[in-house]
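Reading through the structure tokens given below for one structure.
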Number of protein chains: 2
Amino acid sequence: MQDILFDFIAKYISLTEEEKNAIISLDIFRSVKKGTILLTAGQKSKDSYFVLKGCIRTYYIVDGEEKTTAFYTEMEALTPPCVISKTPSEYYVSCIEDSILTISNTDMGVEVNSKFPKFDIMCRILSEELLAKQQIDFDKFKTSSPEQRYLNLLQNRPDLIQRVPQHQLASYLGIKPQSLSRLRARIFEKKR
Amino acid sequence: MQDILFDFIAKYISLTEEEKNAIISLDIFRSVKKGTILLTAGQKSKDSYFVLKGCIRTYYIVDGEEKTTAFYTEMEALTPPCVISKTPSEYYVSCIEDSILTISNTDMGVEVNSKFPKFDIMCRILSEELLAKQQIDFDKFKTSSPEQRYLNLLQNRPDLIQRVPQHQLASYLGIKPQSLSRLRARIFEKKR
DNA sequence: TGCATTTCTTAACTTAAGTGAACGAATTAT
DNA sequence: ATAATTCGTTCACTTAAGTTAAGAAATGCA
């Protein structure tokens, strides 16, 4: 299971056995039950998450309504904005499948980084890469209609449509569950 | 004018006179006329931009139609995704007011960074900060209606509404110019 | 300055998303 | 296992955005 993490890291830097052991000894691997809330709005946190198996989601509660903004699945990492800005979190992070995650806090990061400067380099590359990816996703979202967004998702992350509840998907696409149902029916009509 | 850049940098690291001079000697300050296209879709580039004065915008051309995705004004920095990913640009960057920018390429960055490691630190902080900001903006966009987005803009960046053409604003809000006109009229009606 | 082009607004009509309600299906709790 | 809740879909109706077209205003250019 840990190999998933090391495969991920290997895309950015190469690790010695010693370094791998240092990571394992940090004891950051966690098994988390479906439904667990990892972070609550208003809470302060220094934790970052990396998904080895399963799925976590981020959502806001606006006027008593959940607004899902992202899903993170295998090989994806989340550092909530509140960790960077050191302010209370604006959103919730919950686990929507039984999952295996690494949960690591900033302090540990600093400690490891001072021992292994390589890590600093990886973090830098990672956050630049994520920034670029995020920008492109944002642009794509802005320039698409809900229907196009759904079709894109079908292309790029078909697994999400299977594993995520429809009402969360709807909110992720920026529409209501009823509209998603309708939209799906519409697409299905067109196809035949 | 250069002081704007140094004020910006001062928020992250402190510079000696020597370091300031090193930056000035890079000769990265550019005066750019309104309408100038700084980056074209399909083009490769290593240039990053920092706005000292004026405004630049990023846009895609989809089915012959401009889709504006961002505006950068005083004290804002843009590193296009194509610079990070080293692939041809997917979008255009154009200058929508007579502006003063710094235009610096990655190679220069590497050179300066090796001389002044401080810069590396700043870049790291900057890209983490930007990532967090970007995430929050994206979430806000996703969870808002066009009307709410316009009202948000009115709150947070009232200057943009004044200085940017309406049809570019509309596209930035994810709607057509006609819808923006209507939406504005609607809001105006409500107010009185 | 005057002409041409682009931009902004308004209007009528079309299309798609929001809303409220209903109902069966699926999931969760007891 | 059964009751209770949550979830997904459908429907009728409302509201807002897309579309097409036209005219007025602003801008750029010669």
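Letters A, B, ... mirror the listed sequences (proteins, then strands); counts begin at 1.
In this model, the phosphate group of C/dC8 is approached by a side-chain N or O of B/His167 to a distance below 4.0 Å at OP1 or OP2. OP1 or OP2 of C/dT28 has at least one side-chain nitrogen or oxygen of A/Lys34 nearer than 4.0 Å. Within the structure, a side-chain polar atom (N or O) of A/Arg186 is placed less than 4.0 Å from OP1 or OP2 of C/dA17. For A/Ser181 and D/dT10, the shortest distance from a side-chain N or O to OP1 or OP2 is not below 4.0 Å.
Proximity note for B/Gln166 (side chain, C-beta onward) versus D/dT9, C/dT9, C/dA17: the nearest is C/dT9. Distances were taken from every side-chain heavy atom of B/Pro165 (C-beta onward) to each of D/dG18, C/dC8, D/dT9; the shortest belongs to C/dC8.
Protein atom CD1 of B/Ile161 is 15 Å distant from nucleotide atom C1' of C/dC8, rounded to whole Å. For the pair B/Arg149 CZ and C/dA17 P, the computed distance is 13 Å after rounding to whole Å. D/dC7 atom P lies 12 Å from atom CD1 of A/Ile96, rounded to whole Å. Taking atom CD on B/Glu147 and atom P on D/dA17, their separation rounds to 7 Å, with Å as the unit. Rounded to an integer number of Å, the gap from CD1 of A/Ile175 to P of D/dA16 is 18 Å. Atoms CG (B/Leu173) and C1' (D/dA17) sit 13 Å apart, rounded to a whole Å. The NZ atom of B/Lys176 sits 15 Å away from the P atom of C/dC8 (whole-angstrom rounding). We find that NZ of B/Lys142 is positioned 18 Å from C1' of C/dA17, with the value rounded to whole Å.
Place A/Gln178 and A/Pro146 on DNA chain C by their nearest nucleotides, and A/Pro146 ends up nearer the 5' end.
With hydrogens and angles ignored, no donor-acceptor pair closer than 3.5 Å exists between the side chain of A/Arg182 and the base of D/dG8.
Just one of B/Leu78, B/Asp47, B/Ile103 meets the side-chain contact (heavy atoms from CB on, under 4.5 Å) condition when paired with B/Leu38; it is B/Ile103.
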Quiz item: After noting the C-alpha distance and the side-chain angles of A/Lys20 and A/Ile23, does the key distance pass the side-chain contact (heavy atoms from CB on, under 4.5 Å) rule?
Solution: CA-CA 5 Å; A/Lys20 287 187 184 180; A/Ile23 290 171; 5.7 Å; no
Exercise. Please test A/Arg182 against A/Ser179 for side-chain hydrogen bond (donor to acceptor under 3.5 Å, both in side chains), starting from the C-alpha separation and ending with a verdict.
Key: CA-CA 5 Å; A/Arg182 187 167 36 197; A/Ser179 299; 3.3 Å; yes
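Aromatic pair A/Tyr49/A/Tyr72: ring centres not closer than 6.0 Å.
Of the possible polar contacts, none joining the B/Thr102 side chain to the B/Ile28 backbone as a donor-acceptor pair under 3.5 Å is found.
Among the heavy atoms of the strands, none lies under 4.0 Å from A/Gly35.
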